[in-house]
Every structure is written in C-alpha cells, then in structure tokens.
Amino acid sequence: MTTLERKVVELKARVEHLEALVRQLVGQARQAVPAALDTPLNLEQLLARCKAEGIVRDPTPEERRLADEWDALPEEEKQAHIRIMHHLVLDPPLSQIITENRH
C-alpha cells in the first residue's frame with residue numbers, strides 16, 4: 001500500500017468517525033429539546049416560556065405608566081417623536097457609550 005493509499009484510508013476512517021460523532025450530537029440535541037417545541041406556540045405561551053427562562057419580565061409600574069402615556073398621545077405626535085428618533089445622531093454613538101459603560 002502506497003503512502004497516498006494509506007492517507008486515503010486514514011482520512012476515510014476519520015470522516016466516518018466525525019460523521020458518527022455528528023449523528024450522536026444531533027441525536028442528543030433532539031433529545032434535549034422538549035417535545036412541546038415541536039408545535040408552534042401562541043403569543044401567551046411564548047411569553048410565559050420567555051418569563052420562565054428569565055428572558056423577559058413583567059413591566060414595572062413606572063414602565064406601565066410611561067406606556068400608558070405613550071398610548072394616550074395622538075398618532076400625529078407619536079409619528080413626530082418617531083421621526084425625531086430616526087434622525088437622532090449621537091456623538092459618541094450609542095454602541096460606544098454602552099461598551100464604555102460595561103467596563
């Protein structure tokens with residue numbers, strides 16, 4: 001057997017090993033996902049799951065108050081605020097401010 005043939009045999013064995021490992025990992029991942037995820041969730045179920053995982057929380061009283069104030073604004077005023085925010089230029093950029101505050 002030539003060196004090239006030995007390398008081909010070795011590579012085939014390594015590929016087979018990797019394929020088996022991938023199949024095993026995929027099988028483990030499928031087992032880790034609850035069966036309930038196979039069916040689509042409605043908005044309430046999704047929100048409940050996100051709360052249970054700590055991804056979202058209920059709004060604070062202050063956040064609810066501010067949201068109610070926003071909801072009470074006339075549509076024209078809301079659109080004016082939105083236009084202003086879309087054209088807002090921060091110097092330094094918000095991403096830089098956030099990065100600096102994390103340190």
Side-chain angles (χ1 to χ4, degrees):
M1 182 180 287
T2 68
T3 303
L4 180 60
E5 290 171 332
R6 277 191 301 250
K7 287 189 183 244
V8 168
V9 169
E10 179 187 331
L11 286 173
K12 282 182 180 181
R14 291 174 70 184
V15 167
E16 288 173 5
H17 173 73
L18 288 172
E19 288 175 339
L21 184 59
V22 168
R23 281 192 299 276
Q24 178 186 1
L25 291 172
V26 167
Q28 289 173 355
R30 284 190 181 136
Q31 290 173 358
V33 176
L37 291 181
D38 292 341
T39 59
L41 301 175
N42 67 35
L43 186 57
E44 288 177 11
Q45 293 168 323
L46 180 60
L47 185 57
R49 181 164 289 164
C50 288
K51 284 179 182 179
E53 294 293 327
I55 298 168
V56 297
R57 60 170 172 72
D58 287 324
T60 64
E62 174 70 6
E63 292 167 337
R64 287 182 195 273
R65 185 187 63 74
L66 292 170
D68 290 340
E69 285 180 19
W70 174 261
D71 290 341
L73 291 175
E75 192 59 34
E76 272 183 22
E77 198 170 337
K78 289 179 187 177
Q79 291 305 316
H81 283 293
I82 291 169
R83 279 193 299 278
I84 289 169
M85 296 306 286
H86 279 212
H87 294 95
L88 185 64
V89 177
L90 295 176
D91 187 30
L94 183 59
S95 59
Q96 183 179 343
I97 294 169
I98 292 169
T99 302
E100 289 172 359
N101 284 327
R102 287 183 178 167
H103 294 120

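Sequence positions, counted from 1, serve as the residue numbers for this chain.
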Thr3 and Arg6: side-chain donor and acceptor closer than 3.5 Å?
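Their side chains do contain a donor-acceptor pair, which is all the 3.5 Å distance test asks for.
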In one Ile/Leu/Val/Met/Phe/Trp/Tyr side-chain cluster, 4.5 Å: Leu90, Ile98:
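Yes.
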In terms of hydrophobic clusters joined by side-chain contacts under 4.5 Å, are Leu46 and Ile55 together?
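They do not share one cluster, since no chain of ILVMFWY contacts under 4.5 Å joins Leu46 to Ile55.
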Heavy atoms only: give me the nearest [X]-[Y] pair and the separation to one decimal.
X     : Y     : value
Lys78 : Asp71 : NZ-O, 3.6 Å
Asp58 : Glu63 : O-OE1, 4.5 Å
His81 : Leu73 : CD2-CD1, 4.2 Å

Using only atom types and a distance under 3.5 Å, with no angle test, would you say the side chain of Glu77 pairs donor to acceptor with the backbone of Pro74?
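Side chain of Glu77 to backbone of Pro74, a donor-acceptor pair under 3.5 Å: no, none is there.
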Is there a donor-acceptor pair under 3.5 Å between the side chain of Glu100 and the backbone N or O of Ile97?
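Not at all, since once roles are kept as given, no pair shorter than 3.5 Å links the two residues.
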Stepwise side chain to side chain contact (heavy atoms under 4.5 Å, CB included) test for Met85 and Leu88:
CA-CA 5 Å; Met85 296 306 286; Leu88 185 64; 4.1 Å; yes
Supply the atom-to-atom distance Gln96 CD to Asn101 CG, rounded to the nearest 0.5 angstrom.
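One gets 10.5 Å once the value is rounded to the nearest 0.5 Å.
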From CG (Leu25) to CG (Leu18), nearest 0.5 Å:
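If we round to the nearest 0.5 Å, Leu25:CG and Leu18:CG are 10.5 Å apart.
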Intermediate values then yes/no, side chain to side chain contact (heavy atoms under 4.5 Å, CB included), Arg65 and Glu69
CA-CA 6 Å; Arg65 185 187 63 74; Glu69 285 180 19; 2.2 Å; yes
Can Ile82 and Gln79 be said to form a side chain to side chain contact (heavy atoms under 4.5 Å, CB included), step by step?
CA-CA 5 Å; Ile82 291 169; Gln79 291 305 316; 4.0 Å; yes
Flag if over 12 foreign heavy atoms under 6.0 Å of CD, Glu76
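At most 12 heavy atoms, drawn from other residues, nucleotides or ligands, come within 6.0 Å of this atom.
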Looking at Glu10 and Lys7, is there a salt bridge between them, counting it only when a charged N and a carboxylate O are closer than 4.0 Å?
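Not counted as a salt bridge, because no side-chain N and carboxylate O are separated by less than 4.0 Å.
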